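Okay, so here's the structure we're looking at.
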Protein chains: 2
Amino acid sequence: MLSVNNLFADIPRELPEELIGEILRTETFRIERIVSRGQVSPPGFWYDQETDEWVLLVKGSASIGFSGGRTIALVPGDHLLIPRHVRHRIERTDPEGETVWLAVHFGLDGNNR
Amino acid sequence: MLSVNNLFADIPRELPEELIGEILRTETFRIERIVSRGQVSPPGFWYDQETDEWVLLVKGSASIGFSGGRTIALVPGDHLLIPRHVRHRIERTDPEGETVWLAVHFGLDGNNR
């Protein structure tokens with residue numbers, strides 16, 4: 001019944017795209033692992049999410065840009081809450097190694113699918 | 001509005017007890033940081049929780065014992081779901097450095113205080 005997984009396991013050698021995997025889903029939130037290796041948001045693309053997102057950078061490094069011009073650079077251990085509809089984009093992830101994120105999505109009135 | 005904190009910051013040099021800090025609380029779950037330095041559960045003590053707990057070992061190392069005799073050793077990146085009322089205890093945390101955990105408590109019918 002008790003099953004241990006590791007955030008740094010099962011990462012393909014080649015990552016043509018960001019890898020998003022669900023770790024846990026309940027009726028009110030879900031936890032995802034996101035693995036990047038140099039991927040960034042496409043030019044002009046902005047996330048504008050229906051749900052709140054708490055994000056932790058576990059390994060690697062990245063920068064998130066926010067509408068209005070602010071950019072936040074993240075190192076391992078850094079975490080922040082991105083409220084719904086706060087427009088943001090991934091400006092940079094480490095091109096040399098994996099960047100591993102933990103994301104918790106929540107807050108769509110008990111339905112965050 | 002956007003505020004970045006770091007899981008490895010603000011850890012006192014001396015840790016006479018385990019340090020538990022709330023990172024995020026909603027109506028249905030809460031996220032905690034737990035920092036240990038050699039602390040273990042007292043002899044004979046078992047956690048028997050009313051809520052489900054998803055736990056991630058971010059840094060350091062630890063062992064969790066479960067009733068029935070199973071012990072699980074954890075290294076950084078390891079994560080597992082401990083369902084409510086699964087009795088467990090902390091058998092070991094690294095005595096030499098900090099062990100940093102992320103814990104997500106949830107599932108008490110929308111009220112996990």
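To find a chain, count down the sequence lines: A is the first, B the second, and so on, and within it residues start at 1. In this text the structure is predicted, and so the values were computed from the model without any measurement.
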Turns out that what part of B:L74 lies under 4.5 Å from chain A's heavy atoms comes down to side chain
Original post:
Do B:V55 and B:V40 sit in the same hydrophobic cluster, where Ile, Leu, Val, Met, Phe, Trp and Tyr count as joined when their side-chain heavy atoms come under 4.5 Å apart?
Top reply: no
Between chain A and chain B, donor-acceptor distances below 3.5 angstrom:
{"from": "A:L2", "atom 1": "O", "to": "B:R70", "atom 2": "NH1", "distance (Å)": "3.2"}
{"from": "A:N5", "atom 1": "N", "to": "B:H79", "atom 2": "O", "distance (Å)": "3.0"}
{"from": "A:N5", "atom 1": "O", "to": "B:H79", "atom 2": "N", "distance (Å)": "2.7"}
{"from": "A:N6", "atom 1": "ND2", "to": "B:P76", "atom 2": "O", "distance (Å)": "3.0"}
{"from": "A:N6", "atom 1": "ND2", "to": "B:D78", "atom 2": "OD1", "distance (Å)": "2.8"}
{"from": "A:L7", "atom 1": "N", "to": "B:G77", "atom 2": "O", "distance (Å)": "2.8"}
{"from": "A:T28", "atom 1": "OG1", "to": "B:T28", "atom 2": "OG1", "distance (Å)": "3.0"}
{"from": "A:R70", "atom 1": "NH1", "to": "B:L2", "atom 2": "O", "distance (Å)": "3.2"}
{"from": "A:P76", "atom 1": "O", "to": "B:N6", "atom 2": "ND2", "distance (Å)": "3.0"}
{"from": "A:G77", "atom 1": "O", "to": "B:L7", "atom 2": "N", "distance (Å)": "2.8"}
{"from": "A:D78", "atom 1": "OD1", "to": "B:N6", "atom 2": "ND2", "distance (Å)": "2.8"}
{"from": "A:H79", "atom 1": "N", "to": "B:N5", "atom 2": "O", "distance (Å)": "2.7"}
{"from": "A:H79", "atom 1": "O", "to": "B:N5", "atom 2": "N", "distance (Å)": "3.0"}

Heaviest contributor of heavy-atom pairs below 4.5 Å to chain B, chosen from A:I31, A:I82, A:V86, is A:I31
Per-residue tally against chain A (heavy atom, under 4.5 Å) across B:V100, B:L57, B:L24 peaks at B:L24
Cut-off 4.5 Å, heavy atoms of chain B, and the answer for A:L56 is side chain
Give me the ring orientation class for B:F29 and A:F29: parallel if the planes are under 30° apart, tilted from 30 to 60°, perpendicular past 60°. tilted
Applying the 4.5 Å side-chain criterion to the ILVMFWY set and letting contacts propagate, would B:F106 and B:I23 be lumped into a single cluster?
yes
Exercise for review: Treating Ile, Leu, Val, Met, Phe, Trp and Tyr as nodes and any side-chain heavy-atom pair under 4.5 angstrom as an edge, say whether A:L15 and A:L7 lie in one connected cluster.
Suggested key: yes
Heavy-atom closest pair (B:L81 atom, A:L2 atom, distance to 0.1 Å) is O-CD2, 3.4 Å
Only residue of A:L102, A:V104, A:V58 satisfying side-chain contact (heavy atoms from CB on, under 4.5 Å) with B:L102 is A:L102
